[in-house]
Amino acid sequence: MHDTVIAWYSAHARDLPWRAPDRTPWGVLVSEVMLQQTPVVRVEPVWRSWMARWPEPASLAAEEPGAAIRAWGRLGYPRRALRLHGAARVIAERHAGKVPSSYEELLALPGIGDYTAAAVASFAFGQRRAVLDTNVRRVLARAVSGTQYPPNATTAAERRLAESLLPDTETAATWSVAVMELGALICTARKPRCDACPIAHQCAWRLAGAPPHDGPPRRGQAWEGTDRQARGRLMAVLREADHPVPKPALDAVWPAAAQRERALDGLVADGLVEPLDNNFYRLPGAR
DNA sequence: CACACGTGGCG
DNA sequence: TCGCCAAGTGT
């Protein structure tokens with residue numbers, strides 16, 4: 001299975017800048033954070049401008065957090081920008097400006113969880129770490145476990161499986177990115193392209209007749225009328241403003257007063273918004 | 001462990 | 001159309 005998947009990857013991998021030969025650990029780290037819950041097509045242009053402006057951790061660390069939040073644009077989950085800025089400051093101050101290579105030190109950075117720490121250790125530093133993202137989990141669920149979808153939360157069994165399949169250090173990172181790419185391009189969640197899959201003939205799920213998902217239903221993401229939607233509206237106003245924004249300008253984008261105040265308070269508590277005197281607001285430290 | 005947390009595109 | 005989904009993390 002390994003040689004087949006890696007050969008498929010060699011022929012079909014997308015040409016992404018964070019995979020280029022001249023990539024840096026910082027570029028890999030930035031890409032991984034941006035890619036959390038966000039499609040590649042939306043990340044790529046933002047990654048390019050981000051790396052042009054802040055080519056190393058110290059250059060981002062020298063900025064106010066609001067600059068990072070604004071440059072994040074419409075990628076979503078702007079707390080990721082705040083945490084990436086925080087990670088840059090930790091790297092600048094405690095790691096001499098160099099992205100740490102150990103999984104444990106990466107995991108200690110804000111906004112870096114198990115997946116991202118493993119991905120950076122593996123993709124940027126060539127270490128042998130199981131990289132378990134939604135793509136890998138889905139491919140292994142189908143190809144090996146014979147189920148349409150993986151469990152809702154990552155299980156110890158999934159981790160054991162991924163580790164048991166991990167090849168030696170020389171090829172571990174390539175194997176992980178190849179499986180990930182297979183999940184992203186072929187073994188997709190909704191409409192897998194099994195006719196183009198290099199391991200379709202040995203896929204446990206297909207061999208079992210492609211049985212439908214039977215476990216507990218996947219949790220949907222509520223949106224319309226939620227606090228999240230309100231927060232998004234408020235952040236959009238602040239992101240696009242060149243100067244501090246008066247409160248009425250925020251009130252205008254979310255009429256329900258109680259929910260709006262709760263959302264705004266939450267943004268302030270999260271450090272995404274800075275309240276100023278006279279009922280003005282701005283991105284933290286920004287203009 | 002379940003939930004909060006943005007945004008936009010596709011089937 | 002509208003629910004589902006996208007290289008998760010923190011609490």
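In what follows, chains carry the letters A, B, and so on, assigned in the order in which the sequence lines appear, proteins first and then strands, with residues in each chain numbered from 1.
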statement: side-chain hydrogen bond (donor to acceptor under 3.5 Å, both in side chains) with A:Tyr77: of A:Gln36, A:Arg228, A:Gln37, only one passes, and it is A:Arg228
message: From CG of A:Leu182 over to P of C:dA7, roughly how many Å is that when rounded to an integer?
response: 12 Å
task: Have a look at A:Thr116 and say if it touches a base, only the backbone sugar-phosphate, or nothing, with a 4.0 Å heavy-atom cut-off.
output: sugar-phosphate
message: Looking at A:Arg48 and A:Glu44, is there a salt bridge between them, counting it only when a charged N and a carboxylate O are closer than 4.0 Å?
response: yes
task: Calculate the interatomic distance between A:Arg42 atom CZ and C:dA7 atom P; express it in whole Å.
output: 11 Å
- request: Pick the P atom in C:dA7 and in B:dC5, then give their distance to the nearest Å.
  value: 23 Å
- prompt: Can you tell if the side chain of A:Pro192 reaches within under 4.5 Å of the side chain of A:Trp205, non-hydrogen atoms only?
  reply: yes
task: Output, in order, the C-alpha distance, side-chain angles, deciding distance and verdict of side-chain contact (heavy atoms from CB on, under 4.5 Å) for A:Val268 and A:Glu274.
output: CA-CA 6 Å; A:Val268 171; A:Glu274 181 180 4; over 6 Å; no
query: What are the bounds, 5' to 3', of the part of DNA chain B that sits under 4.0 Å from heavy atoms of chain A?
result: B:dC3 to B:dC10
field: With A:Arg233 via salt bridge (Lys or Arg N to Asp or Glu O under 4.0 Å) - residues at least two apart
entry: none
- request: May I have the distance from A:Leu272 (atom CG) to C:dG10 (atom P), rounded to whole angstrom?
  value: 14 Å
- prompt: How do A:Leu35 and A:Pro110 order along DNA chain C: which one's closest nucleotide is nearer the 5' end?
  reply: A:Leu35
message: Rounded to whole Å, please give me the gap between CD1 in A:Ile112 and P in C:dA7.
response: 18 Å
message: How many whole angstroms separate atom CG of A:Leu185 from atom P of C:dA6?
response: 13 Å
query: Would you call A:Glu163 and A:Arg128 a salt bridge, using N to O less than 4.0 angstrom?
result: no
- request: Report the distance from atom CZ of A:Arg83 to atom C1' of C:dT9, rounded to the nearest whole Å.
  value: 6 Å
message: Distance check, P atoms only: B:dC3 and C:dC4, in whole angstrom units.
response: 15 Å
query: Heavy atom of residues 127-141 of chain A under 4.0 Å from DNA chain C: which residues?
result: A:Asp133, A:Thr134, A:Asn135, A:Arg138
- prompt: Which pairs with one or both residues in residues 56-71 of chain A pass side chain to side chain donor-acceptor pair (under 3.5 Å), sequence neighbours excluded?
  reply: A:Trp54-A:Glu63
task: Indicate whether OP1 or OP2 belonging to C:dG8 is found under 4.0 Å from a side-chain N or O atom of A:Gln37.
output: yes
query: If each of A:Met235 and A:Lys191 is mapped to the nucleotide of DNA chain B with the nearest heavy atom, which maps nearer the 5' terminus, i.e. the 5' end?
result: A:Met235
Value in whole Å for how far the P atom of C:dC4 lies from CD of A:Glu224: 15 Å
message: When you measure only distances, ignoring hydrogens and angles, does the side chain of A:Arg190 come within 3.5 Å of the base of C:dC5 through a donor and an acceptor?
response: no
message: Quick check on contacts: within residues 156-173 of chain A, what sits under 4.0 Å from DNA chain C by heavy-atom distance?
response: none
field: Nearest to side-chain heavy atoms of A:Ala189, which nucleotide of C:dA7, C:dA6, C:dG8
entry: C:dA6
query: Between A:Leu107 (CG) and C:dG8 (C1'), how many Å, whole number?
result: 12 Å
- prompt: Has A:Thr38 got a side-chain N or O lying under 4.0 Å from the OP1 or OP2 atom of C:dA7?
  reply: no
- prompt: With a 4.0 Å cut-off, would you call A:Asp251 and A:Lys247 a salt bridge?
  reply: yes
- request: Step by step, work out the side-chain contact (heavy atoms from CB on, under 4.5 Å) result for A:Val5 and A:Ile199.
  value: CA-CA 7 Å; A:Val5 172; A:Ile199 55 172; 3.9 Å; yes
- prompt: Where do A:Phe123 and A:Ala173 come nearest, in terms of heavy atoms and distance?
  reply: CE2-O, 3.6 Å
message: Test of understanding: with side chain to side chain donor-acceptor pair (under 3.5 Å), list the residues that count as partners of A:Arg129, not counting sequence neighbours.
response: none
task: Step by step, work out the side-chain contact (heavy atoms from CB on, under 4.5 Å) result for A:Leu84 and A:Trp72.
output: CA-CA 10 Å; A:Leu84 184 53; A:Trp72 198 253; 4.1 Å; yes
